[in-house]
Amino acid sequence: PRVAQAPPPASLFFDSPKKRESFAIGGLNMALLAQQNNPSRKWLVLPAGLLLAMAVVFASVVLPSADWPASEALGTRRMAPPPQLDPDQERFEALTVTILPEDAVDDDDLIGSDVDYGDYGDHGDHGDDDTAAREHAAEVAEGVDDQEDYEGEDISEEDEEAEESAEYDTEDLDETDLVESVGAEEAGIQVDKDGRGSKKKTYSNLRDYDLTEERATQVARLADGSLGPVVVTWANYHYLDFALNWVHHMRKTGCESFLVGAMDDELLEVLLELGVPAFGMSSGLSLEDFGWGSSTFHKMGREKISLLQMFTRWNLDVLISDVDTVWLKDPLPYVAQYPKADILISSDHLSDTTGGDGGLEHYPQAGSAANIGVMLFRPASARFVDQWMEALDNDPAYWDQNAFNDLFKIGVLDEGFTSDKDRLFKVYNGTLRMGILPVSMFCSGHTYFVQDMPSRLGVDPYVIHATFQYSGTAGKRNRFRERLLWDDPDEYFRHPVGYISAQHRVSDRLLGAAKSVERNSFDLKTTMPHFQLVNQQLETVRALLAIAKATNRALIMPKLFCGLDRWWAPHDGNIPGAQGPQLPFVCPLDHVFDLDALDRDGGMVEWKEYSFLDNPKARSIKSRTLSIITCNEQSEQCDDGSRQATLIDSSIVKLRAQRTDREIERALTGIAEEFDHIELDNPSKLWKGFESREESDLFKQQYLTSTSLWCCAQPDEGHHVGHVWYDILAGSNEAHSDRWGRWIDMNDGEWIPQLGP
């Protein structure tokens, strides 16, 4: 059988008279062995005798009087109880030695994975040994009292031999980030002053935590005894931080009727450790990023439909939520307003049809694709769900969201509105009632992060789904961070040297030009004001990155303004059908930068989101700020970087424009060390360059491909694409080669956008 290793309790060695006797005899044997191996060293006899005497005294006097916790003794063989049905009771007792079934880890998952499976021991074929192990575990569990304290029976000689042959991993699980995310109190984890979790549990057969009808019903049970919807999300280990952020915000809403599905045992163990109401899914899929559109991505989608099948067959309502969402309000009161709805679904529609009244969207006016990232299903939809799954099984490449949209539109009866308030309509040949959740309150990544629709309509959003973004997992995480919707651990706000940022400086002239440009065509000329605006800001970011590298500090990104929205097809600045944004607008960082490229290894500068200092956890950083003012040569107390600068009013330094990395370093040495944060008034004006040509070339090479692209203008003759790549060197006014090796000669100091490649 597979044995999950756990730290042995101290009482493991001394919990019976037989073991105490063995300890004493062991001391004697050690002494005699030492004497036999060194017969010429008579002086070893005395220490050997002392060792024996100490062993006998310790075993005879100290151990019998010690109060060893019976619950820690391996001899008790205490089994973990099944998952608690009370949603408030989220902790589970641990088993010291855990017998896992053969399918606890799928060997296929090991291929190409860098996850350490050491705790699971051998991955060979154990055949019927697993069956015997499970039967043995069940026999041991019989008669075990489920009280907090109990007396265990002495273990057999066979069990002693098994224990002596087992290996134990005494390394504590580092749960620093996890504890910070869900709270140590909920997790039952002791935390030291640095925020480190010091407690590790092991769990019985993880299949005991698979989802059952009994447990789902208990979670659905409301205070008045009735059954409400269960909110369910799911993830694999790659999305651990998303799962914890989801739980953190769901708990803040006051909603406790939720469960988190773990697609692999690695995630399940962590969630159970932290007191998260979790269940195992044993998907057998990758522990890494699924990759949008990949075969694994499509298989992951089937897991969602399987959950719907389970709940609808159990006659329970379920609200499925993708893990890349943040909940700001308890959704259960909202969906309870629509008891006649069989399906409620979020949408990719980009305009509001409700007038901000809080009701469902009007259909078919809000006729864009339904988004299955947030959806409520009631038992009447069970047949629909089965046919949905059947369609996916028949075509492995069929995207689950497309399949849903195709299926519900069969026989849609838009005359089926029950009332102007309900706005439900009949789907699936008129057999089900469906409603579109309001896009201003059940927000997409566009209606919230780009249009800011909730603020514009004066409504409070329930949930934000990180869609309509362009940098994968990193882009989703950063968007939440920018809006202070990500629960980072304290370690995220610590840096060995400190942080550097710039005052917000964007040209009013460029902002005005981006606002007033004609937008009645999709041609490349109309994009010029946008690129001029962005290029000025790219020059600021480039200077900031260089100064951050020179000072060994982390960069706080500036807030970026864009003159055009971004999409996947040609547009005139706003996506067709969207109610905004008003241009220019504060655009998410993934509109301009490739965040995965910014995070590459190899000397890249650590960076933070533009709202970093607005986070309450960064309050102490902000309070210790050194301001650097770029001054003219004639200015008083304007240092040139030839020596340590003069500190003015205890928190200000003046430096001449166009300083090199070494000059900035000399000016700040002995001063900057006392400050957690440096704020520059004008990094582009301050920065001249690296004194070393080698360092300068390396920096350009590192960041030349850090930017992303804008999409899209109408392709012209000779081009099949309409996108334009951003160029981080565009604001330098110097001729250079771009990321594709094209020579940019900067005629008259102006950068001209080019389509493709």
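All values reported here derive from a predicted model rather than from experimental measurement.
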At what distance, to the nearest 0.5 angstrom, does [atom1] of [X] lie from [atom2] of [Y]?
X: Met557; Y: Leu544; atom1: CE; atom2: CG; answer: 8.5 Å
X: Asp342; Y: Thr312; atom1: CG; atom2: OG1; answer: 11.5 Å
X: Ser306; Y: Trp234; atom1: OG; atom2: CH2; answer: 10.5 Å
X: Arg483; Y: Asp614; atom1: CZ; atom2: CG; answer: 12.0 Å
X: Asn236; Y: Leu267; atom1: CG; atom2: CG; answer: 7.5 Å
X: Leu328; Y: Ile464; atom1: CG; atom2: CD1; answer: 4.0 Å

Between [X] (side chain) and [Y] (backbone), is there a donor-acceptor pair under 3.5 Å?
X: Ser381; Y: Phe384; answer: no
X: Thr707; Y: Phe593; answer: no
X: Gln451; Y: Ala578; answer: no
X: His530; Y: Gly563; answer: yes

Candidate list Asp565, Thr467, Val439, test side-chain contact (heavy atoms from CB on, under 4.5 Å), partner His446, passing option: Asp565

Verify the ring-centre separation between [Y] and [X]: is it less than 6.0 angstrom?
X: Tyr334; Y: Phe442; result: yes
X: Phe561; Y: His504; result: yes
X: Tyr470; Y: Trp710; result: no
X: Phe425; Y: Tyr363; result: yes
X: Phe468; Y: Trp567; result: no
X: Trp388; Y: Phe404; result: yes

Going by distance alone, is a donor N or O of one side chain under 3.5 Å from an acceptor N or O of the other, for [X] and [Y]?
X: His349; Y: Glu361; value: no
X: His495; Y: Asp676; value: no
X: Arg566; Y: Ser708; value: yes
X: Asp348; Y: Asn371; value: yes
X: His465; Y: Asp324; value: yes
X: Asn405; Y: Gln401; value: no
X: His362; Y: Thr353; value: no

Under the 6.0 Å and 45° cation-pi test, does [X] pair with [Y]?
X: Lys622; Y: Phe612; result: no
X: Arg481; Y: Tyr492; result: yes
X: Lys617; Y: Phe493; result: no

Student check: side-chain heavy atoms of [X] and [Y] closer than 4.5 Å:
X: Met250; Y: Val231; value: yes
X: Met453; Y: Tyr448; value: no
X: Leu316; Y: Pro379; value: no
X: Leu613; Y: Ile556; value: yes
X: Val232; Y: Phe258; value: no

Shortest non-hydrogen contact from [X] toward [Y]:
X: Ser321; Y: Thr325; value: OG-OG1, 2.8 Å
X: Asp210; Y: Gly280; value: OD1-O, 3.3 Å
X: Glu679; Y: Ala502; value: CG-C, 4.5 Å

Pairing of Lys476 and Asp590 as salt bridge, 4.0 angstrom limit: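 No, no charged N to carboxylate O under 4.0 Å.
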
Sidechain N-carboxylate O distance under 4.0 Å for Arg479, Glu482: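 Salt bridge flag = no for Glu482 with Arg479.
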
Give a yes or no on this: more than 12 heavy atoms of other residues, nucleotides or ligands lie within 6.0 Å of atom [atom1] of [X].
X: Lys409; atom1: NZ; result: yes
X: Glu606; atom1: CD; result: yes
X: Arg619; atom1: CZ; result: no

Criterion side-chain hydrogen bond (donor to acceptor under 3.5 Å, both in side chains) on Thr217 and Trp314, from CA distance to verdict: CA-CA 8 Å; Thr217 302; Trp314 293 337; over 6 Å; no

Worked check of side-chain hydrogen bond (donor to acceptor under 3.5 Å, both in side chains) between Trp486 and Asp241: CA-CA 9 Å; Trp486 192 263; Asp241 57 343; 4.8 Å; no

